[in-house]
Amino acid sequence: MTDIVQTLDEQADTSAATRLVWKHGLIAAVTWAAASIVTIALPDTIKWGSVGLFSGLTGAGAAILLVLAFTVHTLGKTGKTIEHYGPWLIAVGVWFALWEFTTAKTGWLPKPFFSPPHGLLNVYVVEFDRLIVCIGYSLRLWGLGFFSGVTVGFLLGIALGWSRSFNYWGMPILKLIGPVPASAWIPATFYFFPTTFDASIFLVALSCGIPVAILTASGVSSVNKAYYDVARTLGADERFQILKVAIPASLPHVFVGLFMGLYYSFAILVVAEMLGAKFGLGWYIQFQTAYSGYANVYATIVIMAVLCSGIVKLLFVARDRLLSWQEKGLI
Amino acid sequence: MNAPLKSLLSFAGLGRKRQEPRSSRTVPADNARRNIALDIKNVSHHFDIAGSPLAVLDNVTISVKPGEFVALLGPSGCGKSTLLRLAAGLDTPSRGSLLEEGQPIDGPDPSRLLVFQDPTLFPWRTVWRNVATGLEARGLLDTESARVDNALKLVKLDKFADAYPHQLSGGMAQRVAIARALVNDPHLLLLDEPFGKLDSLTRMTLQAELTKLWQEVGFTAILVTHDVEEALLLANRVIVFSDRPARIVAEFEVDKPYPRHRDDTDLVHLRQTILGQLGIAND
């Protein structure tokens, strides 16, 4: 009897102990340390630069993970989030180690088409100033194009959805032109606009304005007619019906249009920048490809991935706030 | 009514309909206005369905006195709801005329409000903002927002002011719809099968609540229903319609005090008579 109690106690003790140690964190620390050691201990077949920095960063990552493995349970909600990504952290360490090994250390994946992680890191170190300028140019072009396109598209969509005669004349044109990829307009726009910058803004605006216009129009015209009946009997004039009924009711559709427009605008942004911009991430990729700077190309793609997914995330946050009245999200 | 009580009632947003002039009209009270709340004169109506006319109302004449509760009873789809839409000013009749207190009805007006079978609350607005819609549309919300709170108290939903419609039960949503109408102090409340989609227990509760509101607030009510029992529980007068196109086939005064009981022998008897009128045999 006492034996059983004792073993039960021991089991309870060990399980409490294992709960206090974050196993995935420990393993991740090992894989990150491996990546660090592979980077620093084995010689590069061709020099890439920033070896010490990458080894140091992954080593520091390993150290942090090691500390977290014993302290993560004290961090509350943040700790829970970190624990959730444990398997991912392990995989990233393994990925870095293999990536280092197959590129810089053995040359199995040859230069210039493949680059080790410290090669990418070296691009950020060496090209920092130029990349910052390029990010600024791209964001300016995208911002001007996206916001003007979305504004015009939204207003046009409301007019198309609300006014019968506007719909009669406008909708067939929009339906005809809408499916044409914005990139097909490039030759014409570069001729019609005074500068390539203006033309590029127009192309980005066109790419996102059309889906927003179409979805807004369909949203406004599919609003339950009973809402207008209620609003009219309550004394609402046309202005009130548009601003306080049609627009909020069609907002779920508008957001579908915004998400579509966002992806189209990223696509056309890069194409437009490759065709005669002086700076910008698209231009930078084009420029570096000409010199076989594939490490620079990959480094830029990583920046684009972070920027674009960040903007998508922002739009999701905006949607969740504005559409919190919905039972469930549509997207 | 003495002056302090009057001002107290009007502060509460109640009891003001007889004193307050209509939003768009300033016609002084005359005989017609005092004696007839809604006058439906020889109204016929048809819809165009795929090019051919479909008659829905056939020469309907009804006169509703102020403060009266009239039930329009008839088979589903006979055209009763169309009559309510005409009274609300949402459609114009093919023939005949409708007058509110002697004035022709030429469009929607917050003095005549419609409550639908579906609550049709704006899902993007909280309960409070739904109820506030009418005042907001007329630019009165800044000065008279207390009326919204009072209307919510009236339907016992003041604790749900910040809820969104999808968080409400069917009965609560319909009470919000009633509050959204009553906050505007309508002369005429047009109810289009307002309890049709509710479960029977909720329906009974809301029927009792509606009777109380009608007695307290004193609006004129027209209720479209196909439920004979509901008509007899709520109305002073029951008007029975035929199948489409709707004609008036019978009219019954229900002179019974409130609250009424469904088992009241006179009402049970009347119910049998009306069901006979509707062509449903009773054994």
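Heavy atoms only: backbone and side chains are in, while hydrogens, waters and symmetry mates are out.
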Which portion of [X] sits near chain A, non-hydrogen atoms under 4.5 angstrom:
X	value
B:Arg180	both
B:Gln167	neither
B:Leu121	backbone

- Message: Only pairs of heavy atoms separated by less than 4.5 Å count here; which of A:Arg239, A:Lys244, A:Gln241 has the most with chain B?
- Response: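 Ranked by contacts with chain B, first place is A:Lys244.
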- Against chain B, work out which of A:Leu234, A:Val245, A:Val230 has the most heavy-atom pairs shorter than 4.5 Å and name it.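 With the most close heavy-atom pairs to chain B, the winner is A:Leu234.
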- Message: Any non-hydrogen side-chain atom of B:Val115 less than 4.5 Å from a side-chain atom of B:Gln174?
- Response: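 Heavy-atom side-chain distance check passes, below 4.5 Å.
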- Query: Do the ring planes of A:Trp142 and A:Phe146 sit parallel (below 30°), tilted (30 to 60°) or perpendicular (above 60°)?
  - Reply: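 Ring orientation, 0 to 90° scale: parallel.
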Establish, yes or no, whether a centroid distance under 6.0 Å links the rings of [X] and [Y].
X	Y	value
A:Trp325	B:Tyr164	no
A:Trp185	A:Phe192	no
A:Tyr228	A:Trp162	yes

- Query: Which region of A:Phe240, side chain (C-beta onward) or backbone (N, CA, C, O), has a non-hydrogen atom less than 4.5 Å from a non-hydrogen atom of chain B, or is it both or neither?
  - Reply: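 The side chain, not the backbone.
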